[in-house]
There are 2 protein chains.
Amino acid sequence: MSSLATTEPTVDDIRAAAERIHATIPPTPLLTSPALDKRVGGRILIKPECLQPTGSFKIRGATNFIGQLDTAARHAGIVAYSSGNHAQAVAFAASLVGIDATIVMPADTPPIKLENTKAYGAKIITYDRYNESREEIGADLAAKLGATLLPPYDHPWTIAGQGTAGLELMTQADAIGAEIDAVLIGCGGGGLTAGMSLAIKDARPQVEIYCVEPAGFDDTARSLVAGTRLTIEPGQRSVCDALLGPMPGILTFPINHRLLSGGLTVSDEHALAAMAYAFTTLKLVVEPGGAVALAAALNRCFDCAGKTVAVVLSGGNVEPSLLCAALKN
Amino acid sequence: MSSLATTEPTVDDIRAAAERIHATIPPTPLLTSPALDKRVGGRILIKPECLQPTGSFKIRGATNFIGQLDTAARHAGIVAYSSGNHAQAVAFAASLVGIDATIVMPADTPPIKLENTKAYGAKIITYDRYNESREEIGADLAAKLGATLLPPYDHPWTIAGQGTAGLELMTQADAIGAEIDAVLIGCGGGGLTAGMSLAIKDARPQVEIYCVEPAGFDDTARSLVAGTRLTIEPGQRSVCDALLGPMPGILTFPINHRLLSGGLTVSDEHALAAMAYAFTTLKLVVEPGGAVALAAALNRCFDCAGKTVAVVLSGGNVEPSLLCAALKN
């Protein structure tokens, strides 16, 4: 598997992933909102990945990955490290096929994500997000247990799984006669962005794709400009807990560098306001990190005027107290 | 129109309504949730009408009604009385075709519904929900203005419009190979229940349909048992502000009496808990009145074990403060 892990997935891999996950992961819908269209002066197609079984797109990659493990590997179990959404996805996907999952999670993960991960039957090991390496802890643990490490983004099986959201988006846009001009995708390690971009560009090469990151965690945006993988500045904080990766992935970055038109950055304030807008107007529960693409559209960080723009709401696992505080502003 | 107003709509009327509203009101999706299925021990198909443009199914009836008005009637404008969701729907549907709308609303309507209705450009007139008759105020106003009164449920055009949700449900269930055993529908005046039931029973006569009402406002449940229209007891209160009608409709009741298997009642506490469940697990924003069908499933007021049950989430226009209070419990 180690050689495979350095190979980009193809669009055929994404199609195979779609076949593989279809039985357990139904497509998310493609939604529209006249109020949102009016607000931005364009036509917005909303891909609400928050409606997935574990509340984020991560279930696509986890299900695709586990679906490709052989019997011996399944028996040995899996290990994952995650800020929360990948953790829940891996725990849920593992529970569906009855295999053991151990998840390494930051100690400051929102309680809702910790509790949900436990509820799916996974073992949890916490670490200090700012002073310990989750990659090292995860690799050590996998070696000790003889288990397979399920990377959150930097693996072709993970990327191909996330890419199924791009296949769906293009099919669903076609079905309603929408010709997409641009796609905005929230970006942490870049797995969703890379996977979706492969599928989207294959279907319609002229689509402009932008990743969206929280201020302070714009490692992909800056790396795209520099043409090489850069890390975030030390000491950054953001309310977008799903998007706090330190640098673009080894496998995801070349894909994103080749296919993206650029990287956009939104403030925490704008991410929270977009989350509140999703609640009030779209009737969708979105977490701050899941709302950054919507924030970019709402604040004209990307100008949607006169365009058809797909906006991915990548996750919805928000602490009620955080959303309720945002709704008061 | 007065003779038409006493005639039941047919399934062909509902199909015509679907054609009529299709351009402006796209179908809501049909969603599933493994967590919900596990919780109730059955297969639940979620019809999230909260995702409609104005946050409730009411946009279907309003759009269908206005679509059937001739030029002279459109020029004279429309009047509606509503606890809020019908108001927003009528205001929005009127704004789409550029006609005047005046809405009679209870003074204690949740501010979010009042504000949204105003935002669509409608004129608002408030009244005392417990001491004045909205029907009288609405009729007087329509006569004075020469405008058309757009009834919230007791009109064949309204019922046919709401029925389009039933057509969609059956088509979408077919598409995923689901054979529906039962449907749970929140019920105020009975327009959604009647319209959906006509479409559902036509497609699959063996489906059992239940209306769901808040405790104290179980006028339809009791009327179904009595075989005649009964009013609520005076002095009732419920947090389900969308479902506080005093008695079943003249036109809706005979349809519901003929087609429903019975009426279910849920407490305010259970409606609020279902609203919180929709937030936490389904990632959908649902108002208390929109959550009563889900409440009936969650609390085994209707036992979903081993069955395929469609649950309609009829609206999502909840005050953030109310939802946030419910999430703390």
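Every chain is numbered from 1, with letters handed out A, B, ... down the list of sequences.
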Check step by step if side chain to side chain contact (heavy atoms under 4.5 Å, CB included) holds for Val97(B) and Ile66(B).
CA-CA 9 Å; Val97(B) 290; Ile66(B) 290 173; 3.7 Å; yes

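Proximity to chain B (any heavy atom under 4.5 Å) is restricted, for Leu323(A), to the side chain, taken from C-beta onward. Using a 4.5 Å cut-off between heavy atoms, Pro53(B) touches chain A through backbone and side chain atoms alike. Proximity to chain B (any heavy atom under 4.5 Å) is restricted, for Ile112(A), to the side chain, taken from C-beta onward. Contact of Phe92(A) with chain B is made through the side chain alone, with heavy-atom distances under 4.5 Å. Only the side chain of Leu31(A) comes within contact range of chain B, judged by heavy atoms closer than 4.5 Å. Within the 4.5 angstrom heavy-atom criterion, atoms from both the backbone and the side chain of Asn317(A) approach chain B.
In terms of heavy-atom pairs under 4.5 angstrom with chain A, the leader among Pro48(B), Pro34(B), Ala119(B) is Pro34(B).
A donor-acceptor pair under 3.5 Å is absent between the side-chain atoms of Gln162(B) and the main chain of Leu192(B), judged by distance alone. Side-chain N or O atoms of Asn64(B) include none that pairs as donor or acceptor with a backbone N or O of Arg60(B) at under 3.5 Å.
The distance from the CD1 atom of Ile176(B) to the CG atom of Leu30(B) is 5.0 Å, given to the nearest 0.5 Å.
Summarising the geometry of Val183(B) relative to Ile185(B), their closest heavy-atom pair is CG1-CG1, 3.7 Å, with the distance given to 0.1 Å. Pairing each heavy atom of Leu327(A) with each of Cys324(B), the nearest pair is CD1-SG, 4.3 Å.
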